[in-house]
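Let me begin by presenting the structure, written as structure tokens, before commenting on it.
A, B, ... follow the sequence lines: proteins, then strands. Residue 1 opens every chain.
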Amino acid sequence: MVAAVSGQPVARGMRESLLHPLVSMDPSCNTWDMYGNDFAPADASDGDLLGQVEAAEAALRAAADRGRGGTAAPDADPEAYFADVIDADQKIEPRDWMPEAYRRTLIRQIAQHAHSEIIGMQPEGNWISRAPSLKRKAILLAKVQDEAGHGLYLYAAAETLGVSRDELVDLLISGRQKYSSIFNYPTLTWADVGAIGWLVDGAAIVNQVPLCRCSYGPYARAMIRVCKEESFHQRQGYEILHTLAHGTPAQRAMAQDAVDRWWYPSLAMFGPPDGDSTHSAQSMAWKIKRFSNDELRQRFVDMCVQQAEALNLALPDPGLRWNPERQAYDFTQPDYDELMRVISGDGPCNRQRMEHRRRAHAEGAWVREAAAAYAAKRAGRKEKVAA
Amino acid sequence: MNGPFEFTVSLGDDALVAAQRLAEWTSRAPEMEEDVALANIALDQLGAARLLLTYAGELEGAGRDEDALAYLRDDREFRNCLLVELPNGDFAVTMAKLFFLAAYQLPLYTALAGCADERLAAIGAKARKESAYHLDHAALWVRRLGDGTEESHRRMQAAVDGTWPYVHELFAADPAAPVDPATLRGDFDTTVTTVLAEATLTRPETGWTPAGGRDGVHTEHLSYLLAEMQVLHRAHPGARW
């Protein structure tokens, strides 16, 4: 582990904002200042998701202002106190008592989210060197950097539950913990960078916006910050596709091909259908999860249909049509057998993604060892001076 | 070289090629924090490159913008120094390259901030703050690796020895340029001598001094770097992105 790497704006203040409910969390998204005014209106691309994040943030502040009636009295039943906090929509904080299964569920979920950010750098990173303009190169590089920042931020949130980042990284490297299966698909053209932004980041936000109201305080606060940045990423992806869809015939074909390949894997990001989901019920009761997989998937489809029209691109589903009775779109379900195959390791890029991460980790070992040795020498010298 | 266009292009090309190499580290750095830091530095270099190439295009007056200069010139038309186009090697080589580059760019941009050309002065004023951070970051790693473990010391010394020949090209005299690079050598030597000593590393003797980048005569590596960088842009002539 590298001790104190200097000049890391992302790492600095990370722990502080996770641990203190009222530290301001401005959306210091990397890519913010790279936007011109040359993208479509916000409501065409990100719906009201950013509004929902802001509402969750306001609710979080209001809950903090109401207070929780102090901490549990020394003789109080911790289990009853935990239940009261959940019932009152207050936040569980790191020092509070919590059921062991609640802690384990959160560690698994937050770690898998962190792993997904780190592995997710690869498919998009694949196009940094070939980005077709210097402006696009800068936006993409900043976006992938944001993902590294999210990974760090989420590992820090997991560490508040009493596990170390090194342990979690080991779980990823050894394949004992998973990351989002979507990153096991390849980015074959530049348009895939747009499709990932629009569909994959879009699906991620739909999944994550409710987590801004999660009962575990550090995770809720991390998700508010992550969602704000993700909504900019989604808008960038939309804008890439919009430019391609209104460009040359070859660019348009590239955009449609990317949407065709990424649509169903994006729908599968919401997980198996509700009947088959193993972790849902308990997580709902604990207010870690707030909506079912199928509810979120429907929300995503309804959002995308309008946006696809604005893009003038087709969603590859002949069964897609408005259902006035349900006030929602009917759609074809993704292939869940394929999802299970990819989760179990047989997607197009599982081996490549893991090999890449393992190699980076292994090739960096001598650097981490050197940093630790240098820090130890410095500490030793300081002690000598002090003595 | 000489003339404000050639001068501005050469600085822009240094920054662009450095950014392209640093960005190759994305998702491959030894630590996640370092992934973020290398991307930061790559973004700074890319930002400076865009400002410099845009301005170069205006100075030239032939209607070329930053993308025309970055994507539609061949390697023989690039004016970057050889140092930045060398492959990344291991982390020690990357840090040696970055350290030498930043130790040159910091006094360069500082001098540029006081030059008569207002646009170049503004770019210099912005970029020198970034260079100060790059130098700080690279020097910290040179010290850590030089004075870390036996293996890291060996790798860092090898990296310094391997890249040292390429620094001399940076300071070739050009009295007509807005900033004469020869005037920057003193600052560079002071920085390098201090940091290498702190890092328990030996400063190499000067022998072989390869050059040619400023005249468009590069190493074999640049053509490959450009082939990758330019492939998509060139496959769709005239397209907007």
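Residue A/R359: no heavy atom, backbone or side chain, is found under 4.5 Å from chain B. With a 4.5 Å cut-off on non-hydrogen atoms, B/D35 touches chain A through its side chain but not through its backbone. Both the backbone and the side chain of B/F91 come within less than 4.5 Å of a heavy atom of chain A. With a 4.5 angstrom heavy-atom cutoff, B/L16 touches chain A only via side-chain atoms. Proximity to chain B is limited to the side chain of A/L244, based on heavy atoms less than 4.5 angstrom apart. Looking at B/A42, both its backbone and its side chain come within 4.5 Å of chain A, counting heavy atoms on both sides. Proximity to chain A is limited to the side chain of B/Q20, based on heavy atoms less than 4.5 angstrom apart. Of the atoms belonging to A/S129, heavy atoms from both backbone and side chain fall under 4.5 Å from chain B. Proximity to chain B (any heavy atom under 4.5 Å) is shown, for A/I240, by neither the backbone nor the side chain. No part of A/H246 comes within reach of chain B, as not one of its non-hydrogen atoms sits under 4.5 angstrom from that chain.
Contacts with chain A were tallied for B/T26, B/D147, B/D67; B/D147 has the most, counting heavy-atom pairs under 4.5 Å. With chain B as the partner, the residue from A/G125, A/G247, A/S133 showing the most heavy-atom pairs under 4.5 Å is A/S133. Of the residues considered (A/R130, A/M121, A/E363), A/R130 shows the highest number of contacts with chain B, using heavy-atom pairs under 4.5 Å. Note on B/E24, B/R143, B/Q230: by heavy-atom pairs under 4.5 Å with chain A, the leading option is B/R143. Of the listed residues (A/K377, A/E147, A/R357, A/E369), the greatest number of heavy-atom pairs within a distance under 4.5 Å of chain B belongs to A/K377. With respect to chain A, the highest number of heavy-atom pairs below 4.5 Å among B/S27, B/A23, B/A29 belongs to B/S27.
Between atom CE of residue B/M95 and atom CG of residue B/L101 there is a gap of 11.5 Å, rounded to the nearest 0.5 Å. With rounding to the nearest 0.5 Å, the separation of CD1 in A/I119 from CZ in A/R353 is 8.5 Å. One finds the OH atom of B/Y109 at 8.5 Å from the CD1 atom of B/I123 (value rounded to the nearest 0.5 Å). Atom CZ of A/R252 sits about 9.5 Å away from atom CG of A/L311, to the nearest 0.5 Å. Interatomic distance, CZ of B/R203 versus OG1 of B/T193, reported as 4.0 Å (0.5 Å rounding). One finds the CG atom of A/D257 at 7.0 Å from the CG atom of A/D192 (value rounded to the nearest 0.5 Å).
The local environment of CZ in B/R234 is crowded, with over 12 non-hydrogen atoms from other residues, nucleotides or ligands closer than 6.0 Å.
Using a 4.0 Å cut-off between charged nitrogen and carboxylate oxygen, B/E58 and B/R119 count as a salt-bridge pair.
For A/H113 and A/Y155, the ring centers are positioned 6.0 Å apart or more.
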Dump the intermediate steps for side chain to side chain contact (heavy atoms under 4.5 Å, CB included) on B/W241 and B/H233, then the final yes or no.
CA-CA 9 Å; B/W241 299 95; B/H233 185 97; 4.2 Å; yes
